[in-house]
Amino acid sequence: MAKPKSAISPTRSENFPEWYQQVIRAADLAENSETRGCMVIKPWGFAIWEAIQRDLDFRFKATGHENAYFPLLIPLAYLEKEAEHAEGFATECAVVTHHRLEAVKDENGKTRLIPAGKLNEPYVIRPTSETIIGAAFSRWVGSYRDLPLLINQWANVMRWEMRPRLFLRTSEFLWQEGHTAHETKEEALEETHMIHQLYSDAIRDLLAIPVIMGEKTEAERFPGAQSTLTVEAMVQDKKAIQAGTSHYLGQNFAKAQNITFVDRDNTEQHVHTTSWGVSTRLVGTLIMAHSDDDGLVLPPRVAPQQIVIIPVTPKEETREAVIDSCEALATRLREQTYGREPVRVHVDTRDLGGGIKKWDWVKKGVPIRIEIGPRDLEERKVCLQRRDQPAQEKTFMEKNDFLRDAVEILDSIHQSLLEKARDFRSSNLTECTDLASFEKHWDDSNENPGWLITPWSGSREEEEEISKRLKITVRCLPMDKQDEPEVPCFLTGTPTKSRAIWGRSY
RNA sequence: CGGGGAGUAGCUCAGCUUGGUAGAGCGCUGCGUUUGGGACGCAGAUGUCGCAGGUUCGAAUCCUGUCUCCCCGACCA
């Protein structure tokens, strides 16, 4: 037999980046727009982001945070206040310099709009909001009684990316940014760790992606931060994606922006701030983590539709009965809940061939497909197909059993995706203790090198040298591997208890 | 931002070297036959040939500029 035809071409092994684009197109998630580097997020893609939003928003509020909203435009002078931060973002800022257009006829009589009304002080379109939120904090905080201040904002930000990719790196993207201010360093650090854990839990429970929790090295830190915590995910080409970050900013921004309070001993102090965020990049991560050569595979918790019921209506005389039965089943299923929300069920009554509909939903990644035809109606059965299994795979089960087990099946799909991702990562994360095999691992003959974990005590300069040379980065210093048995660093030979994870990244 | 490739129907692309004003397959619409399956037949619709200039009697085709996308690199919270 010829090799089975896949719905997506090229396949992952043929051309991973192209496969990624095709999955997005086939699932109708998003498209490139006319605006450089920006994307149009289509309903199916946006619904995934909305599901992520709802869950995270719930978690933020449950841990005492409140939502607020700050301006899109930041006075240039604000961004200049924290030196390291200013330098870090300088090259990727879009700048607003005018506030008016003048309509002018050109030589062909066509109306042209010419920027006019030059601003004395330009605005920067926010690449992140530390500075403008800091300015608000300095007004809002006066006493230790005002602390902690726990704010989150859902917003868009803009970073003028040179090489955009749908969802993974777009010039404009959607995210949430948490900004908090605290009395003490300990409290602020506790906040960053709490959020770090929250992200790790949410990504595991929602997206079925296991992440490694760790700290960034100095070279990889957020500009202006004292420490940056990261959650790192591995996707199917074995590259790393930073899926979320949580920063301890120390008093850097407080000092730059005068965020002070009078403490319990009546002395003026600077607050300790944090910031943390996840973005629409999570959608890209999810696509690359689970999808296969037949298209998108969605973890049930974020699937815009979790169960799609396809009526099979070969004969006109049984058509109505079949559709009624499908609708009735959908209603019963919607009465159930999965992960704090009613089960999302869609009945596909479009007047199209069964095969077309089936493959449509395969490519869109719907976790459960149910088909009901006249025969099943008589036998009170349903035909069950799971997206975590091959597209041809079918199971017939009693309708009542399915009604009883549907939520459980959704959860088992979630679990199987998570386990598969976990197995993939563990078989591509190898220990390495010597420089020779480290260098060999990254040489050109190894097209998709996995991650390496090494004993590490190198300096920033040593890290930057080897990173540049081998086109890799330290993904993180994994939190649970910083007190290991003392062995020589693979690079410097200095005995160390610390371990570092290395990889290629998006 | 550097190197390479590409922009022609919704999608994938042919046509461009040798200028004469547009095609295929898939998709789409309608009708019919099918139908536990991404089927078939017939009929039909759809393009300022990325945009702006220039050369020419005439430009998808030649020239200049510009924008966008893709790949590789540099950069990247």
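In what follows, chains carry the letters A, B, and so on, assigned in the order in which the sequence lines appear, proteins first and then strands, with residues in each chain numbered from 1. Since this is a predicted model, take the numbers as computed values, not measurements.
The base of B/G37 is paired with the side chain of A/Lys394 by a donor and an acceptor separated by under 3.5 Å.
Between A/Asp351 atom CG and B/U29 atom P the separation is 10 Å, expressed in whole Å. In this structure, A/Phe396 places its CZ atom 12 Å from P of B/G36, rounding to the nearest Å. One can place CD of A/Glu371 at 12 Å from C1' of B/G38, the figure rounded to the nearest angstrom. Between the C1' atom of B/G36 and the NZ atom of A/Lys381 lies a distance of 15 Å, rounded to the nearest Å.
Across the strands present, B/U48 finds no partner; the criterion is a Watson-Crick or G-U wobble pair with both atom distances under 3.5 angstrom. Look at B/C16: it lacks any Watson-Crick or wobble partner with both distances under 3.5 angstrom. Across all strands shown, B/U68 forms a Watson-Crick or G-U wobble pair with B/A6, both key distances being under 3.5 Å. Nucleotide B/G73: paired with B/C1 (Watson-Crick or G-U wobble, both distances less than 3.5 Å). Searching all strands for a Watson-Crick or G-U wobble partner of B/A39 with both distances below 3.5 Å returns B/U33.
Relative to the six-membered ring of A/Trp44, A/Lys364 meets both conditions, a distance below 6.0 Å and an angle of at most 45° to the axis.
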Scan the side chains in residues 244-255 of chain A for donor-acceptor partners under 3.5 Å anywhere in the protein, sequence neighbours excluded, and list what turns up.
residue, atom, partner, partner atom, Å
A/Thr245, OG1, A/His247, NE2, 3.4
A/Ser246, OG, A/Thr192, O, 2.9
A/His247, ND1, A/Thr228, OG1, 2.9
A/Tyr248, OH, A/His272, ND1, 2.9
A/Gln251, NE2, A/His270, O, 2.9
A/Gln251, NE2, A/His272, NE2, 3.4
A/Asn252, ND2, A/Gly224, O, 2.9

I'd like a table of donor-acceptor pairs (distance under 3.5 Å, sequence neighbours excluded) in which one partner is a side-chain atom from residues 148-164 of chain A, with atom names and distances.
residue, atom, partner, partner atom, Å
A/Asn152, OD1, A/Gln176, NE2, 2.8
A/Asn152, ND2, A/Asn67, OD1, 3.0
A/Gln153, OE1, A/Phe70, N, 2.7
A/Gln153, NE2, A/Ser129, OG, 3.3
A/Gln153, NE2, A/Glu177, OE2, 2.9
A/Trp154, NE1, A/Asp57, OD1, 2.8
A/Asn156, OD1, A/Arg126, NH2, 2.7
A/Asn156, ND2, A/Glu172, OE2, 2.8
A/Arg159, NE, A/Pro127, O, 2.7
A/Arg159, NH2, A/Pro127, O, 2.7

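Under the rule for a ring pair (Phe, Tyr, Trp, His ring centres under 6.0 Å), A/Tyr20 has no partner lying at least two apart in sequence or in another chain. Taking the ring pair (Phe, Tyr, Trp, His ring centres under 6.0 Å) definition, one finds that A/His346 meets it with A/Trp361, sequence neighbours left out.
Here side chain to side chain donor-acceptor pair (under 3.5 Å) pairs that include residues 378-387 of chain A, with residues two or more places apart or in two chains, are A/Asp292-A/Arg387, A/Arg369-A/Gln385, A/Glu371-A/Gln385, A/Arg386-A/Asp388, A/Arg386-A/Ser412. A salt bridge (Lys or Arg N to Asp or Glu O under 4.0 Å) check over residues 461-479 of chain A, counting only residues at least two apart or in different chains, returns the pairs A/Glu232-A/Arg475, A/Glu439-A/Arg469, A/Arg460-A/Glu464, A/Glu465-A/Arg469. Applying the salt bridge (Lys or Arg N to Asp or Glu O under 4.0 Å) definition to pairs two or more places apart or across chains, none involves residues 78-89 of chain A.
With salt bridges taken as basic N to acidic carboxylate O contacts below 4.0 Å, one links A/Arg59 and A/Asp55.
The residue A/Gly353 sits apart from the nucleic acid: no heavy atom pair falls under 4.0 Å. Counting non-hydrogen atoms under 4.0 angstrom, A/Asp376 reaches a base of the nucleic acid.
Closest-nucleotide positions on RNA chain B for A/Leu352 and A/Cys383 were compared, and the one nearer the 5' end corresponds to A/Leu352.
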Could you go over nucleotides 2-13 of chain B and give all protein N or O partners under 3.5 Å, atom names and distances?
residue, atom, partner, partner atom, Å
B/C11, O3', A/Arg25, NH1, 3.0
B/U12, OP1, A/Arg25, NH2, 3.3

When every nucleotide of nucleotides 68-77 of chain B is labelled 5' to 3' by its protein contacts under 4.0 Å (heavy atoms), B for base, S for sugar-phosphate only, - for none, what sequence of letters results? SSSSBBBSBB

